[in-house]
Engineer: 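Here you go, one structure.
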Amino acid sequence: MQGLDFSVVSSYLDIIWVGVWWTATITVSASLVSVLGGILLAVAVLHGPSALRYPMRLFSWIFMGTPLLLQLYLIYFGLVQIGIDIPALAAGIIGLGLHFAVYNADILRAGITAVDMGQTEGARTLGFSRLQTLRYVIVPQALLNTAPPIGGNLIALLKESAIVSVIGVTELVHSAQLAISETYRPFEFYVIAAVLYYVLNLALEGILKVIETRVEATR
Amino acid sequence: MNAASKFAGANDRPMVQVIDAHKSFGAFEILKGINLSVNKGQIVAIIGPSGSGKSTLLRSINHLEALNKGEVWVDGIQVNRPLTGHAFEQHINSVRQRMGMVFQHFNLFPHMTVGENVTVGPIKLRKMPAARARDLAMELLGKVGLQDKYDAYPSRLSGGQKQRVAIARALAMEPSVMLFDEATSALDPELVDEVNLVMKQLASEHMTMIIVTHEMRFASEVADRVLFMDGGIVVEEGPPSEIFSNPRMDRTRTFLKKHLAG
Ligand SMILES: Nc1ncnc2c1ncn2[C@@H]1O[C@H](COP(=O)(O)OP(=O)(O)OP(=O)(O)O)[C@@H](O)[C@H]1O
Ligand SMILES: [Mg+2]
(Lines give C-alpha, C1' and ligand atoms only; values in the text may rest on other atoms or scores of the structure.)
(Ligands and ions follow the chains in the order given, each with its own letter.)
Protein backbone atom coordinates (compact mmCIF):
# COMPACT_ATOMS: atom_id res chain seq x y z
CA MET A 1 0.00 0.00 0.00
CA GLN A 2 1.17 3.45 -0.95
CA GLY A 3 1.23 6.04 1.91
CA LEU A 4 -0.77 9.21 1.58
CA ASP A 5 1.26 12.26 0.67
CA PHE A 6 -0.60 15.55 0.26
CA SER A 7 2.64 17.45 -0.38
CA VAL A 8 2.44 16.25 -3.99
CA VAL A 9 -0.54 18.54 -4.44
CA SER A 10 1.57 21.67 -4.08
CA SER A 11 3.30 21.16 -7.43
CA TYR A 12 -0.08 20.85 -9.19
CA LEU A 13 -1.74 23.91 -7.68
CA ASP A 14 -1.68 25.71 -11.04
CA ILE A 15 -3.82 23.12 -12.74
CA ILE A 16 -6.10 22.85 -9.70
CA TRP A 17 -6.65 26.60 -9.72
CA VAL A 18 -7.55 26.43 -13.40
CA GLY A 19 -10.17 23.89 -12.41
CA VAL A 20 -11.53 26.06 -9.59
CA TRP A 21 -11.64 29.07 -11.89
CA TRP A 22 -13.59 27.26 -14.62
CA THR A 23 -15.95 25.61 -12.18
CA ALA A 24 -16.72 29.01 -10.67
CA THR A 25 -17.09 30.61 -14.11
CA ILE A 26 -19.33 27.86 -15.42
CA THR A 27 -21.45 27.92 -12.25
CA VAL A 28 -21.97 31.68 -12.32
CA SER A 29 -22.69 31.80 -16.07
CA ALA A 30 -24.94 28.76 -16.06
CA SER A 31 -26.77 30.13 -13.00
CA LEU A 32 -27.51 33.33 -14.90
CA VAL A 33 -28.70 31.32 -17.89
CA SER A 34 -30.84 29.14 -15.61
CA VAL A 35 -32.50 32.06 -13.81
CA LEU A 36 -33.02 34.29 -16.86
CA GLY A 37 -34.05 31.28 -18.94
CA GLY A 38 -36.36 30.18 -16.13
CA ILE A 39 -38.03 33.60 -16.09
CA LEU A 40 -38.49 33.62 -19.86
CA LEU A 41 -39.86 30.08 -19.90
CA ALA A 42 -42.25 30.74 -17.01
CA VAL A 43 -43.54 33.98 -18.50
CA ALA A 44 -43.86 32.42 -21.95
CA VAL A 45 -45.83 29.48 -20.62
CA LEU A 46 -48.13 31.67 -18.51
CA HIS A 47 -48.56 34.73 -20.71
CA GLY A 48 -47.04 33.92 -24.09
CA PRO A 49 -49.04 33.45 -27.28
CA SER A 50 -50.46 29.95 -27.50
CA ALA A 51 -48.30 29.35 -30.57
CA LEU A 52 -45.33 29.57 -28.21
CA ARG A 53 -46.72 27.46 -25.40
CA TYR A 54 -46.49 24.01 -27.02
CA PRO A 55 -42.92 24.42 -28.25
CA MET A 56 -42.08 25.55 -24.70
CA ARG A 57 -43.70 22.45 -23.25
CA LEU A 58 -41.71 20.27 -25.63
CA PHE A 59 -38.55 22.13 -24.66
CA SER A 60 -39.28 21.60 -20.96
CA TRP A 61 -40.05 17.96 -21.55
CA ILE A 62 -36.74 17.40 -23.35
CA PHE A 63 -34.70 19.05 -20.62
CA MET A 64 -36.58 17.44 -17.73
CA GLY A 65 -37.05 14.02 -19.21
CA THR A 66 -33.55 13.21 -20.39
CA PRO A 67 -30.17 12.96 -18.62
CA LEU A 68 -28.01 16.05 -18.48
CA LEU A 69 -25.16 13.97 -19.86
CA LEU A 70 -27.15 13.23 -23.01
CA GLN A 71 -28.11 16.89 -23.34
CA LEU A 72 -24.46 17.94 -23.23
CA TYR A 73 -23.49 15.34 -25.83
CA LEU A 74 -26.34 16.48 -28.03
CA ILE A 75 -25.40 20.16 -27.79
CA TYR A 76 -21.66 19.64 -28.20
CA PHE A 77 -21.34 16.65 -30.53
CA GLY A 78 -24.80 16.48 -32.06
CA LEU A 79 -25.40 20.04 -33.18
CA VAL A 80 -22.12 20.16 -35.14
CA GLN A 81 -23.68 17.73 -37.57
CA ILE A 82 -26.35 20.24 -38.46
CA GLY A 83 -23.79 23.01 -38.74
CA ILE A 84 -24.04 24.50 -35.25
CA ASP A 85 -20.53 24.37 -33.81
CA ILE A 86 -20.48 25.50 -30.19
CA PRO A 87 -17.19 25.59 -28.25
CA ALA A 88 -17.03 23.16 -25.32
CA LEU A 89 -17.16 25.82 -22.61
CA ALA A 90 -20.20 27.56 -24.16
CA ALA A 91 -21.89 24.20 -24.78
CA GLY A 92 -21.35 23.31 -21.12
CA ILE A 93 -22.77 26.60 -19.88
CA ILE A 94 -25.76 26.44 -22.22
CA GLY A 95 -26.50 22.79 -21.44
CA LEU A 96 -26.17 23.17 -17.70
CA GLY A 97 -28.01 26.51 -17.75
CA LEU A 98 -30.97 25.28 -19.81
CA HIS A 99 -31.23 22.08 -17.81
CA PHE A 100 -31.69 24.04 -14.61
CA ALA A 101 -33.71 26.78 -16.33
CA VAL A 102 -36.47 24.24 -16.84
CA TYR A 103 -36.54 23.45 -13.13
CA ASN A 104 -36.37 27.12 -12.18
CA ALA A 105 -39.19 27.84 -14.61
CA ASP A 106 -41.40 25.35 -12.81
CA ILE A 107 -40.75 27.05 -9.48
CA LEU A 108 -41.16 30.55 -10.94
CA ARG A 109 -44.38 29.65 -12.69
CA ALA A 110 -45.90 28.83 -9.33
CA GLY A 111 -44.27 31.94 -7.85
CA ILE A 112 -45.74 34.21 -10.51
CA THR A 113 -49.19 32.68 -10.17
CA ALA A 114 -49.03 33.20 -6.40
CA VAL A 115 -48.52 36.98 -6.65
CA ASP A 116 -51.77 38.69 -5.65
CA MET A 117 -54.01 39.94 -8.48
CA GLY A 118 -54.07 43.30 -6.71
CA GLN A 119 -50.42 43.77 -7.66
CA THR A 120 -51.24 43.52 -11.34
CA GLU A 121 -54.19 45.87 -10.91
CA GLY A 122 -52.10 48.33 -8.93
CA ALA A 123 -49.50 48.44 -11.70
CA ARG A 124 -51.97 48.47 -14.60
CA THR A 125 -53.96 51.36 -13.14
CA LEU A 126 -50.76 53.41 -12.95
CA GLY A 127 -50.44 52.85 -16.69
CA PHE A 128 -47.91 50.02 -16.84
CA SER A 129 -48.26 47.69 -19.82
CA ARG A 130 -48.59 43.94 -19.32
CA LEU A 131 -44.90 43.47 -19.99
CA GLN A 132 -43.85 46.34 -17.70
CA THR A 133 -46.11 44.94 -14.99
CA LEU A 134 -44.38 41.58 -15.25
CA ARG A 135 -40.94 43.12 -15.39
CA TYR A 136 -41.17 45.65 -12.58
CA VAL A 137 -43.83 44.21 -10.30
CA ILE A 138 -44.69 40.54 -10.73
CA VAL A 139 -41.43 38.80 -11.66
CA PRO A 140 -39.32 40.55 -8.99
CA GLN A 141 -41.80 39.48 -6.33
CA ALA A 142 -41.92 35.95 -7.70
CA LEU A 143 -38.11 35.82 -7.63
CA LEU A 144 -37.95 37.06 -4.05
CA ASN A 145 -40.63 34.61 -2.93
CA THR A 146 -38.95 31.66 -4.63
CA ALA A 147 -35.37 32.55 -3.68
CA PRO A 148 -34.91 29.54 -1.34
CA PRO A 149 -35.87 26.77 -3.80
CA ILE A 150 -34.08 28.51 -6.67
CA GLY A 151 -31.02 28.87 -4.45
CA GLY A 152 -31.25 25.12 -3.83
CA ASN A 153 -31.19 24.56 -7.58
CA LEU A 154 -28.10 26.72 -7.95
CA ILE A 155 -26.30 24.69 -5.29
CA ALA A 156 -27.25 21.55 -7.23
CA LEU A 157 -26.03 23.26 -10.40
CA LEU A 158 -22.61 23.87 -8.83
CA LYS A 159 -22.25 20.18 -8.06
CA GLU A 160 -23.62 19.03 -11.41
CA SER A 161 -21.17 21.32 -13.20
CA ALA A 162 -18.58 18.52 -12.85
CA ILE A 163 -20.34 16.71 -15.67
CA VAL A 164 -19.10 19.32 -18.12
CA SER A 165 -15.73 17.53 -17.90
CA VAL A 166 -17.13 14.91 -20.28
CA ILE A 167 -16.94 17.35 -23.17
CA GLY A 168 -13.38 18.29 -22.27
CA VAL A 169 -13.76 21.45 -20.16
CA THR A 170 -11.04 21.66 -17.52
CA GLU A 171 -13.29 22.26 -14.56
CA LEU A 172 -12.36 21.11 -11.08
CA VAL A 173 -12.92 17.36 -11.43
CA HIS A 174 -11.23 17.34 -14.82
CA SER A 175 -8.22 19.25 -13.48
CA ALA A 176 -7.92 16.78 -10.61
CA GLN A 177 -7.99 13.95 -13.15
CA LEU A 178 -5.21 15.61 -15.13
CA ALA A 179 -3.07 15.80 -12.02
CA ILE A 180 -3.89 12.20 -11.13
CA SER A 181 -2.90 10.96 -14.57
CA GLU A 182 0.58 12.32 -13.96
CA THR A 183 0.97 11.43 -10.28
CA TYR A 184 -1.23 8.34 -9.84
CA ARG A 185 -2.49 9.81 -6.59
CA PRO A 186 -6.28 9.77 -6.93
CA PHE A 187 -7.04 9.93 -3.23
CA GLU A 188 -5.13 13.14 -2.55
CA PHE A 189 -6.44 15.02 -5.57
CA TYR A 190 -10.05 13.91 -5.25
CA VAL A 191 -10.01 14.89 -1.58
CA ILE A 192 -8.57 18.28 -2.51
CA ALA A 193 -11.25 18.66 -5.18
CA ALA A 194 -13.93 17.74 -2.65
CA VAL A 195 -12.66 20.32 -0.19
CA LEU A 196 -12.62 22.98 -2.91
CA TYR A 197 -16.21 22.11 -3.92
CA TYR A 198 -17.15 22.53 -0.31
CA VAL A 199 -15.51 25.97 -0.23
CA LEU A 200 -17.25 27.00 -3.47
CA ASN A 201 -20.48 25.76 -1.95
CA LEU A 202 -19.93 27.92 1.11
CA ALA A 203 -19.27 30.93 -1.11
CA LEU A 204 -22.47 30.32 -3.06
CA GLU A 205 -24.46 29.83 0.13
CA GLY A 206 -22.97 33.10 1.39
CA ILE A 207 -24.25 34.92 -1.70
CA LEU A 208 -27.67 33.31 -1.31
CA LYS A 209 -27.74 34.37 2.35
CA VAL A 210 -27.13 37.97 1.34
CA ILE A 211 -30.05 37.72 -1.08
CA GLU A 212 -32.26 36.16 1.61
CA THR A 213 -31.43 38.99 4.00
CA ARG A 214 -32.42 41.44 1.30
CA VAL A 215 -35.70 39.54 0.90
CA GLU A 216 -36.35 39.53 4.62
CA ALA A 217 -36.01 43.32 4.67
CA THR A 218 -39.18 43.59 2.57
CA ARG A 219 -41.26 41.37 4.85
CA MET B 1 -69.02 72.23 -1.96
CA ASN B 2 -65.86 73.50 -3.52
CA ALA B 3 -65.44 76.58 -5.64
CA ALA B 4 -64.41 74.93 -8.87
CA SER B 5 -67.57 72.91 -9.15
CA LYS B 6 -69.76 75.76 -8.03
CA PHE B 7 -68.55 78.02 -10.75
CA ALA B 8 -68.08 75.40 -13.46
CA GLY B 9 -69.51 76.92 -16.61
CA ALA B 10 -72.34 75.27 -18.47
CA ASN B 11 -70.06 74.55 -21.44
CA ASP B 12 -67.42 72.80 -19.41
CA ARG B 13 -67.24 69.29 -20.69
CA PRO B 14 -67.26 66.77 -17.86
CA MET B 15 -63.99 65.35 -16.59
CA VAL B 16 -65.60 61.94 -16.30
CA GLN B 17 -68.59 60.79 -18.23
CA VAL B 18 -70.19 57.36 -18.17
CA ILE B 19 -72.90 56.82 -20.73
CA ASP B 20 -75.40 53.96 -20.47
CA ALA B 21 -72.92 51.53 -18.92
CA HIS B 22 -73.90 47.88 -18.98
CA LYS B 23 -71.81 45.11 -17.50
CA SER B 24 -72.59 41.45 -16.96
CA PHE B 25 -70.66 38.71 -15.25
CA GLY B 26 -71.94 35.55 -16.87
CA ALA B 27 -75.72 35.64 -16.73
CA PHE B 28 -75.81 38.37 -14.09
CA GLU B 29 -76.19 41.94 -15.22
CA ILE B 30 -74.35 43.97 -12.59
CA LEU B 31 -74.54 47.41 -14.25
CA LYS B 32 -77.88 48.05 -15.92
CA GLY B 33 -77.40 51.29 -17.76
CA ILE B 34 -75.47 53.71 -15.57
CA ASN B 35 -75.05 57.36 -16.46
CA LEU B 36 -72.62 59.52 -14.58
CA SER B 37 -71.09 62.87 -15.24
CA VAL B 38 -68.44 64.50 -13.08
CA ASN B 39 -67.16 67.99 -13.77
CA LYS B 40 -63.61 69.13 -13.26
CA GLY B 41 -62.97 69.65 -9.56
CA GLN B 42 -66.19 67.98 -8.55
CA ILE B 43 -66.38 65.31 -5.90
CA VAL B 44 -68.89 62.55 -6.29
CA ALA B 45 -69.55 59.96 -3.62
CA ILE B 46 -71.13 56.65 -4.58
CA ILE B 47 -73.04 54.82 -1.88
CA GLY B 48 -75.25 51.77 -1.92
CA PRO B 49 -75.66 48.28 -0.53
CA SER B 50 -73.09 45.55 -0.96
CA GLY B 51 -73.26 44.00 -4.41
CA SER B 52 -75.01 46.98 -5.98
CA GLY B 53 -72.18 47.41 -8.51
CA LYS B 54 -70.25 50.36 -7.05
CA SER B 55 -66.84 48.74 -7.44
CA THR B 56 -67.73 47.42 -10.86
CA LEU B 57 -68.67 50.92 -12.00
CA LEU B 58 -65.45 52.42 -10.65
CA ARG B 59 -63.37 49.64 -12.16
CA SER B 60 -65.10 50.15 -15.49
CA ILE B 61 -64.03 53.76 -15.51
CA ASN B 62 -60.44 52.54 -15.26
CA HIS B 63 -61.16 49.66 -17.64
CA LEU B 64 -60.22 47.04 -15.08
CA GLU B 65 -63.62 45.77 -16.16
CA ALA B 66 -64.62 46.04 -19.81
CA LEU B 67 -68.19 47.23 -20.33
CA ASN B 68 -70.50 45.13 -22.46
CA LYS B 69 -72.23 48.27 -23.64
CA GLY B 70 -71.85 51.99 -23.10
CA GLU B 71 -69.06 54.52 -23.09
CA VAL B 72 -66.60 55.90 -20.58
CA TRP B 73 -64.94 59.25 -21.19
CA VAL B 74 -62.16 60.74 -19.09
CA ASP B 75 -60.62 64.12 -19.71
CA GLY B 76 -62.08 64.24 -23.21
CA ILE B 77 -60.82 60.80 -24.21
CA GLN B 78 -62.93 57.71 -24.62
CA VAL B 79 -61.50 55.07 -22.31
CA ASN B 80 -63.17 52.05 -23.92
CA ARG B 81 -62.37 53.03 -27.49
CA PRO B 82 -63.26 50.31 -29.97
CA LEU B 83 -59.66 49.41 -30.67
CA THR B 84 -58.14 45.95 -30.49
CA GLY B 85 -54.83 44.31 -29.75
CA HIS B 86 -51.72 46.40 -29.46
CA ALA B 87 -53.44 49.65 -30.42
CA PHE B 88 -55.85 49.28 -27.52
CA GLU B 89 -53.06 48.36 -25.13
CA GLN B 90 -51.19 51.54 -25.98
CA HIS B 91 -54.33 53.61 -25.72
CA ILE B 92 -55.40 52.21 -22.36
CA ASN B 93 -51.92 52.51 -20.83
CA SER B 94 -51.78 56.17 -21.70
CA VAL B 95 -55.34 57.00 -20.66
CA ARG B 96 -54.87 55.20 -17.34
CA GLN B 97 -52.08 57.62 -16.51
CA ARG B 98 -54.76 60.30 -16.28
CA MET B 99 -56.57 58.42 -13.52
CA GLY B 100 -55.35 57.61 -10.06
CA MET B 101 -56.95 54.59 -8.48
CA VAL B 102 -56.90 53.77 -4.79
CA PHE B 103 -57.95 50.29 -3.68
CA GLN B 104 -59.39 48.95 -0.48
CA HIS B 105 -56.31 46.76 0.03
CA PHE B 106 -53.74 49.39 -1.00
CA ASN B 107 -51.93 47.15 -3.51
CA LEU B 108 -48.58 48.71 -2.71
CA PHE B 109 -45.60 46.92 -4.23
CA PRO B 110 -44.07 45.04 -1.27
CA HIS B 111 -40.64 44.57 -2.87
CA MET B 112 -40.16 48.32 -3.27
CA THR B 113 -39.56 50.91 -0.58
CA VAL B 114 -42.13 53.62 -0.04
CA GLY B 115 -40.00 55.97 -2.13
CA GLU B 116 -39.69 53.44 -4.94
CA ASN B 117 -43.43 52.81 -4.89
CA VAL B 118 -44.05 56.49 -5.50
CA THR B 119 -41.24 57.10 -8.02
CA VAL B 120 -41.57 53.98 -10.16
CA GLY B 121 -44.49 55.39 -12.16
CA PRO B 122 -42.90 58.78 -12.89
CA ILE B 123 -39.53 57.19 -13.75
CA LYS B 124 -40.71 54.30 -15.90
CA LEU B 125 -43.82 55.81 -17.43
CA ARG B 126 -43.30 59.56 -17.45
CA LYS B 127 -39.56 59.20 -18.11
CA MET B 128 -38.79 61.56 -15.27
CA PRO B 129 -35.14 61.75 -14.17
CA ALA B 130 -34.62 59.91 -10.87
CA ALA B 131 -33.64 63.05 -8.96
CA ARG B 132 -36.76 64.91 -10.01
CA ALA B 133 -38.92 61.90 -9.26
CA ARG B 134 -37.40 61.80 -5.80
CA ASP B 135 -38.24 65.46 -5.22
CA LEU B 136 -41.78 64.86 -6.42
CA ALA B 137 -42.14 61.80 -4.17
CA MET B 138 -40.79 63.73 -1.19
CA GLU B 139 -43.27 66.51 -1.85
CA LEU B 140 -46.19 64.09 -2.13
CA LEU B 141 -45.11 62.05 0.88
CA GLY B 142 -44.85 65.30 2.78
CA LYS B 143 -48.40 66.05 1.77
CA VAL B 144 -49.63 62.76 3.22
CA GLY B 145 -47.36 63.15 6.24
CA LEU B 146 -44.95 60.30 5.51
CA GLN B 147 -41.70 61.88 4.35
CA ASP B 148 -39.77 60.02 7.03
CA LYS B 149 -40.93 56.67 5.61
CA TYR B 150 -39.26 57.21 2.24
CA ASP B 151 -36.83 54.30 2.72
CA ALA B 152 -39.16 51.99 4.64
CA TYR B 153 -40.75 48.92 3.12
CA PRO B 154 -44.56 48.83 3.08
CA SER B 155 -44.54 45.85 5.45
CA ARG B 156 -43.32 48.21 8.18
CA LEU B 157 -46.30 50.56 7.82
CA SER B 158 -49.72 50.60 9.42
CA GLY B 159 -52.77 50.24 7.19
CA GLY B 160 -53.45 53.96 7.33
CA GLN B 161 -49.88 54.75 6.36
CA LYS B 162 -50.02 52.21 3.51
CA GLN B 163 -53.14 53.81 2.14
CA ARG B 164 -51.59 57.27 2.32
CA VAL B 165 -48.57 55.97 0.39
CA ALA B 166 -50.95 54.46 -2.16
CA ILE B 167 -52.57 57.86 -2.57
CA ALA B 168 -49.15 59.50 -3.00
CA ARG B 169 -48.23 56.85 -5.58
CA ALA B 170 -51.37 57.62 -7.57
CA LEU B 171 -50.81 61.37 -7.29
CA ALA B 172 -47.26 60.99 -8.62
CA MET B 173 -48.74 60.34 -12.05
CA GLU B 174 -50.40 63.76 -11.80
CA PRO B 175 -53.81 62.36 -12.69
CA SER B 176 -56.82 64.41 -13.75
CA VAL B 177 -59.14 62.37 -11.60
CA MET B 178 -58.81 60.16 -8.54
CA LEU B 179 -60.93 57.05 -8.04
CA PHE B 180 -61.30 55.67 -4.53
CA ASP B 181 -62.84 52.25 -3.91
CA GLU B 182 -63.58 52.05 -0.19
CA ALA B 183 -60.18 53.40 0.68
CA THR B 184 -60.80 53.07 4.40
CA SER B 185 -62.86 49.84 4.68
CA ALA B 186 -59.87 47.64 5.41
CA LEU B 187 -58.54 49.95 8.12
CA ASP B 188 -58.83 49.75 11.88
CA PRO B 189 -61.32 52.41 12.99
CA GLU B 190 -58.65 54.58 14.60
CA LEU B 191 -56.75 54.78 11.30
CA VAL B 192 -59.68 55.89 9.17
CA ASP B 193 -59.42 59.59 9.97
CA GLU B 194 -55.83 60.04 8.82
CA VAL B 195 -56.78 58.75 5.36
CA ASN B 196 -60.02 60.73 5.23
CA LEU B 197 -58.04 63.82 6.13
CA VAL B 198 -55.77 63.35 3.12
CA MET B 199 -58.79 62.91 0.87
CA LYS B 200 -60.36 66.06 2.28
CA GLN B 201 -57.15 67.92 1.59
CA LEU B 202 -57.25 66.74 -2.02
CA ALA B 203 -60.84 67.94 -2.16
CA SER B 204 -59.80 71.37 -0.96
CA GLU B 205 -57.27 71.47 -3.80
CA HIS B 206 -60.07 70.83 -6.30
CA MET B 207 -58.98 67.37 -7.34
CA THR B 208 -61.74 65.67 -9.30
CA MET B 209 -62.72 62.63 -7.29
CA ILE B 210 -65.08 59.70 -7.41
CA ILE B 211 -65.35 58.07 -4.02
CA VAL B 212 -67.04 54.77 -3.35
CA THR B 213 -67.64 54.64 0.38
CA HIS B 214 -69.62 53.07 3.18
CA GLU B 215 -69.04 56.08 5.40
CA MET B 216 -72.11 58.25 5.12
CA ARG B 217 -70.74 60.98 7.34
CA PHE B 218 -67.59 61.29 5.26
CA ALA B 219 -69.60 61.30 2.04
CA SER B 220 -71.80 64.11 3.33
CA GLU B 221 -68.79 66.13 4.42
CA VAL B 222 -66.68 65.83 1.31
CA ALA B 223 -68.97 65.26 -1.66
CA ASP B 224 -70.57 67.81 -3.94
CA ARG B 225 -72.92 65.14 -5.15
CA VAL B 226 -73.98 61.74 -3.89
CA LEU B 227 -75.10 58.82 -6.03
CA PHE B 228 -77.14 56.07 -4.47
CA MET B 229 -76.79 52.81 -6.39
CA ASP B 230 -78.86 49.71 -5.92
CA GLY B 231 -79.22 46.66 -8.12
CA GLY B 232 -77.00 48.02 -10.86
CA ILE B 233 -78.78 51.31 -11.38
CA VAL B 234 -78.45 54.81 -9.99
CA VAL B 235 -81.57 55.05 -7.88
CA GLU B 236 -81.13 58.64 -6.84
CA GLU B 237 -78.55 61.38 -6.96
CA GLY B 238 -78.17 64.88 -5.67
CA PRO B 239 -76.30 67.09 -3.23
CA PRO B 240 -75.55 65.39 0.09
CA SER B 241 -77.99 67.65 1.92
CA GLU B 242 -80.83 66.32 -0.23
CA ILE B 243 -79.81 62.67 -0.32
CA PHE B 244 -79.10 62.37 3.37
CA SER B 245 -81.79 64.59 4.86
CA ASN B 246 -84.53 64.38 2.32
CA PRO B 247 -84.26 61.33 0.04
CA ARG B 248 -87.06 60.97 -2.49
CA MET B 249 -86.88 57.25 -3.12
CA ASP B 250 -88.00 54.51 -0.74
CA ARG B 251 -84.94 52.38 -1.48
CA THR B 252 -82.67 55.26 -0.55
CA ARG B 253 -84.57 55.82 2.67
CA THR B 254 -84.41 52.14 3.66
CA PHE B 255 -80.68 52.03 2.94
CA LEU B 256 -79.95 55.21 4.86
CA LYS B 257 -82.06 54.16 7.81
CA LYS B 258 -79.76 51.16 8.17
CA HIS B 259 -76.52 53.08 7.65
CA LEU B 260 -77.15 56.33 9.44
CA ALA B 261 -78.40 54.62 12.57
CA GLY B 262 -75.97 54.95 15.46
N1 LIG C 1 -65.16 39.36 -11.61
C2 LIG C 1 -66.41 39.05 -11.23
N3 LIG C 1 -66.97 37.89 -11.64
C4 LIG C 1 -68.22 37.57 -11.28
N5 LIG C 1 -69.00 38.33 -10.51
C6 LIG C 1 -68.51 39.48 -10.06
C7 LIG C 1 -67.18 39.91 -10.40
N8 LIG C 1 -66.96 41.10 -9.81
C9 LIG C 1 -68.09 41.40 -9.16
N10 LIG C 1 -69.01 40.45 -9.31
C11 LIG C 1 -70.35 40.47 -8.75
O12 LIG C 1 -70.95 41.66 -9.13
C13 LIG C 1 -71.78 42.16 -8.09
C14 LIG C 1 -71.44 43.59 -7.82
O15 LIG C 1 -70.12 43.64 -7.31
P16 LIG C 1 -69.44 44.99 -6.85
O17 LIG C 1 -68.12 44.59 -6.31
O18 LIG C 1 -69.45 45.95 -7.96
O19 LIG C 1 -70.39 45.48 -5.70
P20 LIG C 1 -70.16 46.65 -4.66
O21 LIG C 1 -71.32 47.56 -4.79
O22 LIG C 1 -68.82 47.24 -4.84
O23 LIG C 1 -70.24 45.86 -3.30
P24 LIG C 1 -69.43 46.09 -1.93
O25 LIG C 1 -70.09 47.22 -1.23
O26 LIG C 1 -69.61 44.80 -1.20
O27 LIG C 1 -68.01 46.36 -2.29
C28 LIG C 1 -71.58 41.25 -6.90
O29 LIG C 1 -72.68 40.39 -6.83
C30 LIG C 1 -70.34 40.48 -7.23
O31 LIG C 1 -70.41 39.19 -6.70
MG1 LIG D 1 -67.04 47.25 -3.72
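Letters A, B, ... mirror the listed sequences (proteins, then strands); counts begin at 1.
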Engineer: Side chain, backbone, both or neither: which part of B/Met173 has a heavy atom under 4.5 Å from chain A?
Structural biologist: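 Side chain only.
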Engineer: Is chain B contacted by the side chain of A/Arg214, its backbone, both, or neither, given a heavy-atom distance below 4.5 Å?
Structural biologist: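 Interface part for A/Arg214: side chain.
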Engineer: Less than 4.5 Å to any heavy atom of chain A: does that hold for the side chain of B/Phe109, its backbone, both, or neither?
Structural biologist: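 For B/Phe109, backbone and side chain are both near chain A.
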Engineer: Chain A: which of B/Gln90, B/Arg169, B/His63, B/Arg98 shares the most heavy-atom pairs with it under 4.5 Å?
Structural biologist: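 Of B/Gln90, B/Arg169, B/His63, B/Arg98, B/Arg169 has the most heavy-atom pairs under 4.5 Å with chain A.
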Engineer: Go through the atoms of A/Leu144 and report whether side chain, backbone, both or neither lie under 4.5 Å from a heavy atom of chain B.
Structural biologist: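 Contact with chain B involves the side chain of A/Leu144 alone.
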Engineer: Taking only Lys NZ, Arg NE, NH1 and NH2, and the carboxylate oxygens of Asp or Glu, determine whether B/Arg132 and B/Asp135 approach each other closer than 4.0 Å.
Structural biologist: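 Answer for the salt bridge query: no.
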Engineer: With a 4.5 angstrom heavy-atom cut-off, which part of B/Leu179 approaches chain A: side chain, backbone, both or neither?
Structural biologist: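 No part of B/Leu179 comes within 4.5 Å of chain A.
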Engineer: For the residue pair B/Asn62 / A/Thr125, report whether a side-chain donor-acceptor contact shorter than 3.5 Å exists.
Structural biologist: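 No, B/Asn62 and A/Thr125 have no side-chain donor paired with an acceptor closer than 3.5 Å.
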Engineer: So if I apply the side-chain contact (heavy atoms from CB on, under 4.5 Å) rule between B/Asn196 and each of B/Val222, B/Thr213, B/Thr184, B/Leu191, which one comes out positive?
Structural biologist: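 Of B/Val222, B/Thr213, B/Thr184, B/Leu191, side-chain contact (heavy atoms from CB on, under 4.5 Å) with B/Asn196 is met by B/Thr184 alone.
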Engineer: Quick check on A/Arg135: does its CZ atom have over 12 non-hydrogen neighbours (other residues, nucleotides or ligands) under 6.0 Å away?
Structural biologist: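 No, CZ of A/Arg135 has 12 or fewer neighbouring heavy atoms, counting only those of other groups under 6.0 Å.
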Engineer: Of all of B/Gly121, B/Ser94, B/Pro110, which one pairs up most often with chain A through heavy atoms under 4.5 Å apart?
Structural biologist: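 Heavy-atom pairs under 4.5 Å are most numerous for B/Pro110.
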Engineer: Counting only heavy atoms not in A/Leu131, do more than 12 fall under 6.0 Å of its CG?
Structural biologist: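 No - once you tally the heavy atoms of other residues, nucleotides and ligands closer than 6.0 Å, there are 12 at most.
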Engineer: Is it the case that over 12 heavy atoms from other parts of the model lie below 6.0 angstrom from the CZ atom of A/Arg130?
Structural biologist: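 Count not over threshold, so no.
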Engineer: Examine whether an atom of B/Val102 lies under 4.5 Å from a heavy atom of chain A, and if so say whether it belongs to the side chain, the backbone or both; otherwise answer neither.
Structural biologist: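 Neither the backbone nor the side chain of B/Val102 comes within 4.5 Å of chain A.
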Engineer: Mind ranking A/Gln141, A/Met117, A/Gln132 by heavy-atom pairs under 4.5 Å with chain B and telling me who comes out on top?
Structural biologist: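 Going by pairs under 4.5 Å, I would pick A/Gln141.
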Engineer: Hey, are A/Arg124 and B/Glu89 close enough for a salt bridge, meaning a charged N less than 4.0 Å from a carboxylate O?
Structural biologist: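 A salt bridge is present here (some side-chain N lies under 4.0 Å from a carboxylate O).
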